[in-house]
Amino acid sequence: MVTGASSGIGAAVAGALSAGGAHVALAARREDALLEVQSGLESREGKGSIVAPTDVTDRDQVRSLVSRAEEELGPVEILVNCAGVMYYTLMKNRREQEWERTVEVNCKGALNCVGAVLPGMLERGQGHIVTISSDAGRKIFPGLAVYSASKSFVEALSQGLRLETAGKGVKVTTIQPGNVATDLISMSGDEEALEEYGQPGGARVLDPEDVAASVVHALAQPEHVAVNEILIEPRDEPV
Ligand SMILES: NC(=O)c1ccc[n+]([C@@H]2O[C@H](COP(=O)([O-])OP(=O)(O)OC[C@H]3O[C@@H](n4cnc5c(N)ncnc54)[C@H](OP(=O)(O)O)[C@@H]3O)[C@@H](O)[C@H]2O)c1
């Protein structure tokens with residue numbers, strides 16, 4: 001089950017998982033974009049994927065997504081939390097709706113998904129929860145205070161979950177990318193913050209597929225091996 005599968009990193013993760021033989025439930029809000037991603041997945045015999053329009057901030061919708069995925073594809077063995085928003089803002093500009101949206105999607109959305117799949121994983125004694133965090137979950141960036149806080153939240157959540165599920169067959173991984181070539185930055189409207197902190201540095205940034213390869217690396221380990229965190233950066237933009 002991949003959230004944020006309608007574009008960017010989530011679409012690339014869905015593609016990589018499908019190519020690796022997984023059945024994939026593609027979730028995000030935009031059905032047309034999900035269908036387009038689905039049409040690019042490698043075809044396979046039987047039902048290889050479903051498109052499930054879902055707003056991760058709505059707990060009931062997330063529960064329905066899991067029920068549908070389980071009915072049509074089988075137990076959710078892997079959750080990739082990729083749905084996210086990012087707004088460059090200066091705290092002094094008090095863009096409170098953007099602060100709230102960041103918490104709703106990045107924090108509560110991830111919680112809703114974890115809450116919906118964890119019971120089944122524990123019951124089966126098997127599962128892997130991967131969250132696309134950010135290098136901003138390890139280092140706080142100016143202009144991204146609330147975003148960095150939201151990614152620190154998912155890092156702390158994942159650490160706690162990992163400790164509590166040790167010995168129960170569940171793996172928990174965070175992927176911490178630096179700049180990736182996606183549409184994410186385009187939602188920022190605080191020109192002052194963008195001007196001061198959001199300008200491209202000129203380095204070759206990551207492709208979504210680079211991040212997807214990290215997800216696959218974490219998933220492909222032997223049963224006794226856990227990849228807890230992967231920090232992946234453009235070579236010329238070290239943190
Ligand atoms: N790009 C980077 O430089 C970078 C770096 C580090 C980490 N990340 C993280 O990577 C993740 C994916 O971002 P991206 O770069 O691939 O950007 P993106 O192309 O804008 O993807 C964001 C995805 O999140 C989905 N989404 C947003 N709100 C949602 C909601 N309420 N419910 C369900 N889905 C929702 C969007 O789909 P819909 O609009 O269809 O709902 C979209 O599929 C994010 O968590 C981001 O923080 C990105």
Side-chain angles (χ1 to χ4, degrees), residues 1-16 24-38 51-62 64-66 79-88 97-98 100-113 116 130-141 143-144 146-155 157-158 173-188 197-201 203-212 214-215 229-234 237 239:
M1 180 173 126
V2 182
T3 71
S6 59
S7 61
I9 297 169
V13 169
V24 187
L26 301 144
R29 292 164 305 170
R30 287 171 295 153
E31 185 171 21
D32 52 344
L34 288 172
L35 287 168
E36 203 176 315
V37 172
Q38 186 186 39
V51 157
T54 308
D55 185 332
V56 294
T57 66
D58 183 325
R59 199 180 299 137
D60 290 337
Q61 286 189 33
V62 173
S64 303
L65 158 69
V66 173
L79 162 66
V80 184
N81 275 319
C82 194
V85 294
M86 178 183 82
Y87 304 99
Y88 270 94
Q97 285 187 345
E98 292 176 356
E100 192 167 295
R101 194 78 200 137
T102 306
V103 172
E104 287 290 326
V105 180
N106 297 7
C107 302
K108 290 190 191 169
L111 274 177
N112 287 340
C113 295
V130 180
T131 299
I132 309 301
S133 169
S134 170
D135 58 1
R138 289 173 71 128
K139 179 188 165 191
I140 311 306
F141 290 90
L144 288 173
V146 177
Y147 179 76
S148 300
S150 76
K151 295 301 187 179
S152 302
F153 176 95
V154 296
E155 288 295 334
L157 172 71
S158 300
T173 300
T174 59
I175 310 288
Q176 303 154 342
N179 281 326
V180 188
T182 70
D183 293 338
L184 194 67
I185 199 171
S186 65
M187 62 182 73
S188 296
Y197 298 115
Q199 296 304 311
R204 162 90 154 84
V205 300
L206 301 171
D207 292 323
E209 290 72 21
D210 299 324
V211 182
S214 293
V215 173
E229 302 174 11
I230 297 179
L231 175 66
I232 172 170
E233 294 289 340
E237 288 187 343
V239 291

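These numbers were taken from a predicted model, which means no experiment stands behind them. Along the sequence shown, residues are numbered consecutively beginning with 1. For ligands, and for the atoms within them, numbers begin at 1 and follow the listed sequence.
- Taking distance alone, with nitrogen or oxygen atoms compared against 3.5 Å, Ile9 approaches ligand 1 more closely than that limit.
- Annotation: side chain of Asn179 is not in contact with side chain of Ile185 (no heavy-atom distance under 4.5 Å).
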Chi angles and distances behind the side chain to side chain contact (heavy atoms under 4.5 Å, CB included) call for Gln176, Lys151
CA-CA 9 Å; Gln176 303 154 342; Lys151 295 301 187 179; over 6 Å; no
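- Each of the atoms 3 (O) of ligand 1 lies under 4.0 Å from some heavy atom of Asn179.
- Nearest protein neighbour of atom 47 (O) of ligand 1, counting heavy atoms only, is Tyr147 OH, 2.6 Å.
- Which parts of ligand 1 touch Ala28 is read off a 4.0 Å heavy-atom cut-off, strictly below it: atoms 33 (C), 34 (N), 37 (O), 38 (P), 40 (O), 41 (O).
- In this structure the side chain of Tyr197 never reaches within 4.5 angstrom of the side chain of Phe141, judged on heavy atoms.
- Within a 6.0 Å sphere centred on CD of Gln199, heavy atoms belonging to other residues, nucleotides or ligands number more than 12.
- Not a single heavy atom of Gln176 sits less than 4.0 Å from an atom of ligand 1.
- Considering each of Val62, Asp58, Ile132, the one bringing a non-hydrogen atom nearest atom 9 (C) of ligand 1 is Ile132.
- Closest heavy-atom approach to atom 33 (C) of ligand 1 within the set Val211, Asn106, Ile185, Thr54: this belongs to Thr54.
- By the criterion of a heavy-atom distance under 4.0 Å, neither the backbone nor the side chain of Met86 is placed next to ligand 1.
- If you check which protein heavy atom lies closest to atom 48 (C) of ligand 1, you get Leu184 CD2, 3.5 Å.
- Scanning the protein heavy atoms around atom 6 (C) of ligand 1, the nearest turns out to be Pro177 O, 3.2 Å.
- The closest non-hydrogen atom to atom 24 (O) of ligand 1, taken over Ser150, Gly84, Gly8, Ala136, comes from Gly84.
- In this structure, the protein non-hydrogen atom closest to atom 14 (P) of ligand 1 is Thr182 OG1, 3.5 Å.
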Could you check Val215 against Ile132 for side chain to side chain contact (heavy atoms under 4.5 Å, CB included), going step by step and ending with a plain yes or no?
CA-CA 9 Å; Val215 173; Ile132 309 301; 3.9 Å; yes
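- Closest approach of Asp135 and Gly178 over heavy atoms only: OD2-CA, 3.2 Å.
- Looking from atom 3 (O) of ligand 1 to the surrounding protein, the closest heavy atom is Val180 N, 2.8 Å.
- Heavy atoms of Cys82 come nearer than 4.0 angstrom to ligand 1 in at least one pair.
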Side chain to side chain contact (heavy atoms under 4.5 Å, CB included) for Phe153 and Leu111? Distances and angles first, verdict last.
CA-CA 10 Å; Phe153 176 95; Leu111 274 177; 3.8 Å; yes
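- The two residues Ser6 and Ala11 have their closest heavy-atom pair at C-CB, 4.4 Å.
- A donor-acceptor contact shorter than 3.5 Å links the side chain of Asp55 to the backbone of Thr57.
- The contact set between ligand 1 and Val105, taken as ligand atoms under 4.0 Å from a residue heavy atom, comprises 28 (N), 31 (N).
- Put simply, no part of Ala27 is less than 4.0 Å from ligand 1, judged by heavy atoms.
- Asn106 contributes no side-chain N or O that, together with a main-chain N or O of Gly84, makes up a donor-acceptor pair within less than 3.5 Å.
- Checking only distances, Val56 does come within under 3.5 Å of ligand 1, N or O to N or O.
- Closest heavy-atom approach to atom 35 (C) of ligand 1 within the set Ala33, Gly4, Ala83: this belongs to Ala83.
- Considering only non-hydrogen protein atoms, atom 41 (O) of ligand 1 sits nearest to Arg29 NE, 2.7 Å.
- Taking every non-hydrogen atom of Asp55 and a distance limit under 4.0 Å, the qualifying atoms of ligand 1 come out as 30 (C), 31 (N), 32 (N).
- Taking every heavy atom of both residues into account, Ser7 and Arg30 meet most closely at OG-NH2, 3.4 Å.
- Not one N or O of Asp135 is nearer than 3.5 Å to an N or O of ligand 1, by distance alone.
- Nearest to atom 42 (C) of ligand 1 by heavy atom, out of Ala181, Ser7, Ala5, is Ser7.
- At least one heavy atom of Arg101 sits less than 4.0 Å from an atom of ligand 1.
- Residue Val85 has no nitrogen or oxygen atom sitting less than 3.5 Å from a nitrogen or oxygen atom of ligand 1, judged on distance alone.
- The two atoms that bring Ser133 and Pro177 nearest to each other are O-CD, 3.8 Å, heavy atoms only.
- The side-chain contact (heavy atoms from CB on, under 4.5 Å) with Ile175 is formed by just one residue from the set Ile9, Leu231, Val211, Thr131; it is Val211.
- Here the closest non-hydrogen pair linking Ala5 and Leu34 is C-CD2, 3.7 Å.
- Shown in contact with Gly178 at under 4.0 Å from a heavy atom are these atoms of ligand 1, numbered in order with element: 3 (O), 5 (C), 6 (C).
- Closest approach of Ala27 to Thr54, counting heavy atoms only: CB-OG1, 4.0 Å.
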